[in-house]
Amino acid sequence: DILLQWDTQSRGEPFCVFAQLLPATCNHTASMATRSGESLLAGLITAIEKGIDRDILLQWDLTAPEITGLADAYVAHARAEMAKVEASVSAPSWEATMQPVAVDGILATLVDSICTFPQHVSPNKDVADASTEADKVLSNFQVEMSSRYELYLAIKAFAESAHPPINGEQQRLVDHMLRDFRRKGLHLDSTTREKVLALNKTMADIGIQFSKNLSEENDTRLFTKEQLVGVPESTMASFKQNEDGRYVVNMKYPSYFPIMKHCQVDETRRVMEEAFNSRCKEENTKILEQLVQLRHEEAQLLGYANHAAYITEIRMAKTADAVASFLKELSDKLTPLNEKELQVLLDLKKAEKAARDEAFDGKLHAWDLAYFRQKVAKEQYSVDHEEIKKYFPVEKVTAGLLDIYQELLSLKFTEVKLQTWHEDVKSFEVRNKSDDSLVGYFYLDLFPRERKYGHAACWGLQLACRLPHGARLLPVTACVCNFSKPTETTPSLLLHDEVETFFHEFGHACHQLCSLAELAAFAGTRVERDFVEAPSQMLENWVWEKAALQRMSGRLEDNASLPDSLIETLVKSRNANAAMLNKRQVVLASFDQTIHSSAKADTAAVLAKITKDIAAIDVTPGTNMAASFGHMVGYDAQYYGYLWSEVFSADMYETRFKKEGIFNPKVGMDYRTQILAPGGSKDAAEMIRQFLGRDPTPDAFLRSKGLAA
């Protein structure tokens, strides 16, 4: 049937193009010779520079050798291209100096996505391992790029030349690149530059290893049925059993949290909490503490007091002192309420022990918190999360979520068949509702599996930007979660907080999809890190609104939406345990700032002290949650941003959507055009001011926490 041949020794661009157009069901690499990295790269370069009638330049069928080959080919190509830019120093121009840098930003993102995303999602160990190795290659090259002295001189020469006028976004690119070069010490002497470069290469390598250790973590514990009393039947059904009938329980979220919230056996919860907060303890504690020292050393070389000062300089906060004041002020406001909430939990524990005729030790342990918080929700607010869960089958939630986002942002989503990395993944096309023009694509990868990233996150895989020939590259994004996977006998039902997580992550996806920035450097979520969470946090509010909850709920047996009675109790419980939960965020943010304001740190000791001082809880001896705190690589000295950005998200929601209507199309379009579309092409403060019509205030934020403004 097929007269074509694909076994020639040299494959050029036509092959690369055709390979990417093959159906998702074709595993065409399995029986073919490995494609060279150079040929794969050539297809991407041609598409970027000349244009090909293809929306998605990403490929998910590469073998392990092809992944490493593509990474190596890109590095060789980019080095050659940057050498040309450096040669323009004597006669700099936008075309010779800046345009190649902008184009490389597009190519670099595509190669990075193709080569490094598989380590988080691929079921194939060889592919995942190759992806990790490619990540090291590409990360080290980005360190090299950020430290190329001759490149700095060329861009500096362009900035200081009498060049023809450039637009605001182009000027922003020049300014940001010079700023970032200075933050890598390129304005300093050669000895200092070399030290900074060496430090950054080491930090990149060990940071990747930190993340790899977490993704490969597969610790389990064995329990009898009696040791799991109280755990929901749906969770029990998801556990495998070994030969003697005991249940094999891993540390993934769908297993861990139901046990911590519902298991009536103290010892089981203790064992699970200790294991969960000891994940990767030996190897990652060592790596994190080395990173703390190296980051401090770099900051000192660059003239900063510490790493926290270095990081916050280019964030909305501007200084580490501002962050410290923000966290302390919030913590102090939460303290009286936190004391009351802890006492309520302690009273519940005392009563339960008395009812069971068991000894009461007079204190709350780390493994008690989730269990008794769940009791507070059920007993004081009449919230039965297991009952509510029946109304949130994942299919219904997904349909409702997509429906709400479509209405809010004037978009249309249609499921389509695209090449993916796993059979569980669904893919969608996005169009404008107004004129049916194509906006982009997104993937939903919702269920856990071996070697998959263990939390919830959104990846911008192909960034929206203008290509050199004038056409726009369409955005492609992936929403990765870990909800319980449905089986033949057990449906996937989401807890309300999982619905909230889904809304949050898909908010990041829409930030990518709605971006209209011209340059890849400012596409989508490439905004200040302490603002990036605000757009998604604001959209979490919809899962607390009756009209939205009814649209995304539907009981399996009769499609009945969440009844008014359950909605009322759920909404009333929104601030249940609010002080404790927000204190936990303050603990993590303060830990992050503390270790990154120091030359070195005993991370376990620092975390234990801060947890006791701020949250009034003792950590379990022998544990170190910091070893599995993934944000410490990539979000270092920036975790405060989750709370900081809530100031803006609460203000935007209360001021515009709550007052003018949560489904108001005009407000939704203002949000899309003024907050999402600019990406990082404007300062976040300017975007917020335009949307609100004034400067933001913390009043709505404090009210959202149950505190007086």
Side-chain angles (χ1 to χ4, degrees), residues 308 311-335 337-338 500-501 503-505 507-508 511 525-545 574-575 578-593 614 631 635 637-660 662 667 670-671 674-676 678-680 682-709:
I311 288 292
T312 52
E313 179 190 43
I314 59 171
R315 307 294 181 238
M316 293 186 78
K318 301 304 181 187
T319 69
D321 287 343
V323 174
S325 296
F326 169 73
L327 293 173
K328 185 179 186 307
E329 182 178 342
L330 178 58
S331 182
D332 288 347
K333 285 180 179 289
L334 289 167
T335 293
L337 185 56
N338 185 62
E500 189 173 49
T501 295
F503 255 74
H504 178 98
E505 296 305 337
H508 285 310
H511 202 166
T525 56
R526 292 187 168 186
V527 298
E528 292 100 316
R529 186 61 67 86
D530 48 6
F531 173 71
V532 71
E533 298 297 335
S536 287
Q537 287 170 335
M538 195 211 68
L539 290 156
E540 293 175 17
N541 287 287
W542 271 252
V543 308
W544 297 97
E545 293 285 354
R574 184 172 189 178
N575 280 329
M580 272 187 285
L581 296 173
N582 283 287
K583 279 274 193 177
R584 176 62 173 168
Q585 288 295 87
V586 175
V587 165
L588 296 177
S590 300
F591 166 78
D592 183 22
Q593 290 293 302
I614 293 175
H631 289 79
Y635 240 72
Q638 299 165 87
Y639 194 82
Y640 77 91
Y642 282 98
L643 287 168
W644 184 277
S645 59
E646 277 194 68
V647 172
F648 313 119
S649 67
D651 202 355
M652 289 190 293
Y653 176 69
E654 187 177 285
T655 300
R656 295 296 310 273
F657 285 102
K658 192 68 175 175
K659 289 183 179 178
E660 300 177 48
I662 63 169
V667 183
D670 284 350
Y671 184 69
Q674 295 169 9
I675 298 294
L676 303 182
K682 297 179 180 179
D683 287 346
E686 179 185 345
M687 293 187 282
I688 296 166
R689 195 177 300 114
Q690 182 181 8
F691 183 68
L692 294 176
R694 57 166 172 77
D695 288 329
T697 70
D699 297 356
F701 167 70
L702 293 172
R703 281 192 290 271
S704 74
K705 303 300 181 188
L707 302 171

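Values in this document were obtained by computation on a predicted structure and should not be read as measured data. Computed from heavy atoms alone, side chains included, the values below leave out hydrogens, waters and symmetry copies.
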Pair F591 + H631: ring centers closer than 6.0 Å
no
Kindly indicate, with the supporting measurements, whether the criterion ring-ring contact (aromatic ring centres under 6.0 Å, His included) is fulfilled by Y671 and F657.
CA-CA 10 Å; Y671 184 69; F657 285 102; 5.8 Å; yes
Min side-chain heavy-atom separation F531-I688 under 4.5 Å:
yes
Separation between CG of L334 and CZ of R584, rounded to the nearest 0.5 Å
14.5 Å
Hey, mind stepping through F326 and V647 against side chain to side chain contact (heavy atoms under 4.5 Å, CB included) and telling me if it holds?
CA-CA 11 Å; F326 169 73; V647 172; 4.0 Å; yes
Does R656 qualify as a cation-pi partner of F691, given the criterion of NZ or CZ under 6.0 Å from the six-membered ring centre and within 45 degrees of its axis?
yes
Can a donor-acceptor pair be found between the side chains of T655 and R694 at a distance below 3.5 Å?
yes
Going by the side-chain contact (heavy atoms from CB on, under 4.5 Å) test, name the single residue among N582, L337, L581 that passes it with K705.
N582
Candidate pair W644 and Y639, rule ring-ring contact (aromatic ring centres under 6.0 Å, His included), full reasoning:
CA-CA 9 Å; W644 184 277; Y639 194 82; over 10 Å; no
Non-hydrogen side-chain atoms of M316 and R529 separated by less than 4.5 Å
no
L327 and V323: CA distance, side-chain angles, deciding distance, side chain to side chain contact (heavy atoms under 4.5 Å, CB included) verdict
CA-CA 6 Å; L327 293 173; V323 174; 3.9 Å; yes
Looking at S649 and P535, would you say the former's side chain and the latter's main chain have a donor-acceptor pair under 3.5 Å?
no
Taking 4.0 angstrom as the limit, do D683 and R689 come out as a salt bridge?
no
How long is the gap from CZ on F648 to CE on M687, to the nearest 0.5 Å?
11.0 Å
Output the distance between atom CG (N338) and atom CG (D332), rounded to the nearest 0.5 Å.
12.0 Å
Q585 side chain near L588 side chain, heavy-atom distance below 4.5 Å
yes
Can you tell me if E646 uses its side chain to pair, donor with acceptor, with the backbone of F701 under 3.5 Å?
no
Residues G679 and V527: closest non-hydrogen pair is O-CG1, 3.2 Å
Check: W542 ring centre within less than 6.0 Å of Y653 ring centre:
yes
Is any side-chain heavy atom of Y640 closer than 4.5 Å to a side-chain heavy atom of D530?
yes
For E528, is there an ion pair with K318 - N to carboxylate O distance below 4.0 angstrom?
no
Residue pair L330 / L643, side-chain heavy-atom distance below 4.5 Å:
yes
Spacing of D651 atom CG and D699 atom CG [to the nearest 0.5 Å]
8.0 Å
Please determine, by modelled atom types, if N575 and R703 share a side-chain donor-acceptor pair under 3.5 angstrom.
no
Tell me the closest heavy-atom pair linking H504 and E533, and the distance in Å.
NE2-OE1, 2.9 Å
Is the shortest side-chain heavy-atom distance between S645 and V532 below 4.5 Å?
no
For the side chain of T319 and the backbone of A322, is there at least one donor-acceptor N/O pair under 3.5 Å apart?
yes
Nearest 0.5 angstrom please: S536 OG to E505 CD, how far?
6.5 Å
Does K333 reach the side chain of K328, with side-chain heavy atoms less than 4.5 Å apart?
no
Taking side chain as C-beta onward, heavy atoms only, is Q638 less than 4.5 Å from I311?
yes
Distance from N541 atom CG to E654 atom CD, nearest 0.5 Å?
9.5 Å
Return yes if some donor-acceptor pair links the side-chain N/O of K583 with the main-chain N/O of I614 below 3.5 Å, else return no.
yes
Residues K658, E545; criterion salt bridge (Lys or Arg N to Asp or Glu O under 4.0 Å); working and verdict:
CA-CA 10 Å; K658 192 68 175 175; E545 293 285 354; 2.8 Å; yes
